[in-house]
Undergrad: 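Handing you this structure, nothing more for now.
The model shown is predicted, which means the values in this text are computed figures rather than measured ones. As the structure lists them, so they are numbered: ligands from 1, and atoms in each ligand from 1.
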Amino acid sequence: MEILNSAKSENRRQLTEIESKSLLEAWGIPVSRTALARDVEEAVRIAREIHYPLVLKIASPDIIHKSDAKGVMVGINSELELRQAFNEIIKNAREYKPDAKILGVSIQEYLPPAREVIVGAIQDHSFGATVMFGLGGIWVEVLKDISFRLAPLSIEEAVEMIKEIKGYPVLAGLRGTPPADIGAIASIIQKVGQLAHEFPEIAEMDLNPVFVFNEGKGAVAVDARIVLGEGR
Ligand code: ADP
Ligand code: MG
């Protein structure tokens with residue numbers, strides 16, 4: 001994979017969101033459409049192709065948690081807003097981390113609100129590639145409601161992983177809420193497992209969040225982070 005080699009040759013462990021998403025996309029995992037704008041005019045050109053509303057995010061290998069840097073703006077509706085948001089994001093990033101290398105701003109398609117899940121992978125020292133699954137936010141951070149499996153894993157095992165978390169009813173559909181697209185999540189989990197298994201130099205992978213739409217409507221990673229390591 002080209003992206004892994006270019007990061008390695010620069011001695012870089014963190015792939016950017018854009019690099020991480022291209023790698024996932026090459027592996028057949030759905031990601032939100034994303035392009036890097038190095039300046040405002042490039043952002044305006046990209047916006048003509050992706051269409052409003054848009055999401056803008058800081059693109060910097062030195063800023064991992066983009067929201068912490070006030071580096072994410074959702075629902076940009078016009079060229080005027082786009083220009084303002086672009087400049088604001090760069091300014092916020094400079095204040096947050098003056099020495100950060102800033103590549104520009106990533107311009108993305110806006111996806112409508114959906115149920116959010118997290119799919120991740122790590123290389124375990126003894127067991128090798130391990131995948132994790134959970135619902136977003138407090139479900140993972142506070143309640144530690146997460147399931148794990150060794151990779152590679154089958155679709156059936158991925159479905160089991162989804163069903164065994166305590167929060168599963170949120171996905172199955174509560175009180176008249178339609179069920180989420182469980183099959184689409186299982187497919188992402190399985191592919192993430194395959195990717196981590198095939199590329200031991202991927203030390204960590206984090207798709208956070210993955211937007212899950214109603215049954216039959218799919219699931220899409222809107223943020224992704226890949227960290228390279230030494231390999232197993
Ligand atoms: P962070 O680096 O802070 O994790 P994210 O890329 O995850 O940044 O963005 C923060 C939040 O913004 C996400 O959790 C999601 O709710 C929302 N978001 C991000 N990208 C999109 C998108 N393309 N469409 C709609 N909402 C988005
Ligand atoms: Mg995120």
Undergrad: Below the 3.5 angstrom mark, is there an N/O of K57, backbone or side chain, next to an N/O of ligand 1?
TA: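 Yes, at least one N or O pair falls under 3.5 Å.
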
Undergrad: Which heavy-atom pair separates A151 from H197 by the least distance, and what is that distance?
TA: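 For A151 versus H197, the nearest heavy atoms are O-ND1, 3.7 Å.
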
Undergrad: Can a side-chain donor-acceptor contact be found between E157 and S154 if the only test is distance below 3.5 angstrom?
TA: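 Side-chain D/A pair, S154 to E157: present.
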
Undergrad: Among K66, R225, R33, M73, whose heavy atom sits nearest atom 2 (O) of ligand 1?
TA: K66

Undergrad: Quick one: look up the protein heavy atom nearest atom 27 (C) of ligand 1 and list residue, atom name and how far away it is.
TA: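 Checked against all protein heavy atoms, atom 27 (C) of ligand 1 sits closest to F211 CZ, 4.1 Å.
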
Undergrad: Before giving the answer on side chain to side chain contact (heavy atoms under 4.5 Å, CB included), spell out for L36 and T16 the whole-Å C-alpha distance, their side-chain angles and the decisive distance to 0.1 Å.
TA: CA-CA 11 Å; L36 177 69; T16 63; over 6 Å; no

Undergrad: Can you name the atoms of ligand 1, numbered from 1 with element, that are less than 4.0 Å from a heavy atom of I64?
TA: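 Near I64, the atoms of ligand 1 are 2 (O).
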
Undergrad: Among protein heavy atoms, which lies nearest atom 4 (O) of ligand 1, and at what distance?
TA: D223 OD2, 3.1 Å

Undergrad: Nearest protein heavy-atom contact for atom 18 (N) of ligand 1: which residue, which atom, what distance?
TA: V222 CG2, 4.1 Å

Undergrad: With heavy atoms under 4.0 Å as the rule, classify the contact between E109 and ligand 1 as side chain, backbone, both or neither.
TA: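 Near ligand 1, E109 shows its backbone, while the atoms from C-beta on stay back.
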
Undergrad: Looking only at protein heavy atoms, which one is nearest to atom 10 (C) of ligand 1, and how far off is it?
TA: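 The protein heavy atom lying closest is S67 OG, 3.6 Å.
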
Undergrad: Looking only at non-hydrogen atoms, find the nearest pair between I155 and S187 and report the distance.
TA: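 Result for this residue pair: CD1-CA, 3.8 Å.
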
Undergrad: Has S60 got a side-chain atom pairing as donor or acceptor with K101's backbone, closer than 3.5 angstrom?
TA: yes

Undergrad: So, are K70 and E95 salt-bridged, with charged N and O less than 4.0 Å apart?
TA: no

Undergrad: Clusters formed by hydrophobic residues whose side-chain heavy atoms approach within less than 4.5 Å: which one holds V40, and what are its other members?
TA: V44, I46, I50, Y52, L54, L56, I58, I63, M73, I76, L82, F86, I89, I90, Y96, I102, V105, I107

Undergrad: Apart from I122 itself, what residues make up its hydrophobic cluster, given side-chain heavy atom links below 4.5 Å?
TA: none

Undergrad: Do the side-chain N and O atoms of S32 and K21 include a donor-acceptor pair separated by under 3.5 angstrom?
TA: yes

Undergrad: Starting from atom 16 (O) of ligand 1, which protein heavy atom do you reach first, and at what distance in Å?
TA: E116 OE2, 3.3 Å

Undergrad: Does I63 have a non-hydrogen atom less than 4.0 Å from ligand 1?
TA: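 No.
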
Undergrad: Counting non-hydrogen protein atoms only, what is the nearest one to atom 17 (C) of ligand 1? Give residue, atom name and distance.
TA: V74 CG2, 4.2 Å

Undergrad: Could you list which atoms of ligand 1 come closer than 4.0 Å to a heavy atom of N208?
TA: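 Those atoms are 7 (O).
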
Undergrad: Using a 4.0 Å heavy-atom threshold (strictly under), name the region of Q108 that reaches ligand 1: side chain, backbone, both or neither.
TA: side chain

Undergrad: Taking only Lys NZ, Arg NE, NH1 and NH2, and the carboxylate oxygens of Asp or Glu, determine whether R83 and E88 approach each other closer than 4.0 Å.
TA: no

Undergrad: Looking at ligand 1, is there an atom of it that comes within less than 4.0 Å of some heavy atom belonging to D68?
TA: no

Undergrad: Need one value: angle at the Mg ion (ligand 2), D223 atom OD2 versus N208 atom O, rounded to 10 degrees.
TA: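 That angle is 90°.
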
Undergrad: Identify the closest protein heavy atom to atom 22 (C) of ligand 1: which residue and atom is it, and at what distance?
TA: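 So the nearest neighbour among protein heavy atoms is V55 CG2, 3.5 Å.
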
Undergrad: I need the nearest protein heavy-atom contact for atom 24 (N) of ligand 1: residue, atom name and distance, please.
TA: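 Nearest neighbour among protein heavy atoms for atom 24 (N) of ligand 1, to 0.1 Å: L111 N, 2.9 Å.
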
Undergrad: R13 side chain to L228 main-chain N or O, any donor-acceptor pair under 3.5 Å?
TA: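 It does hold such a pair.
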
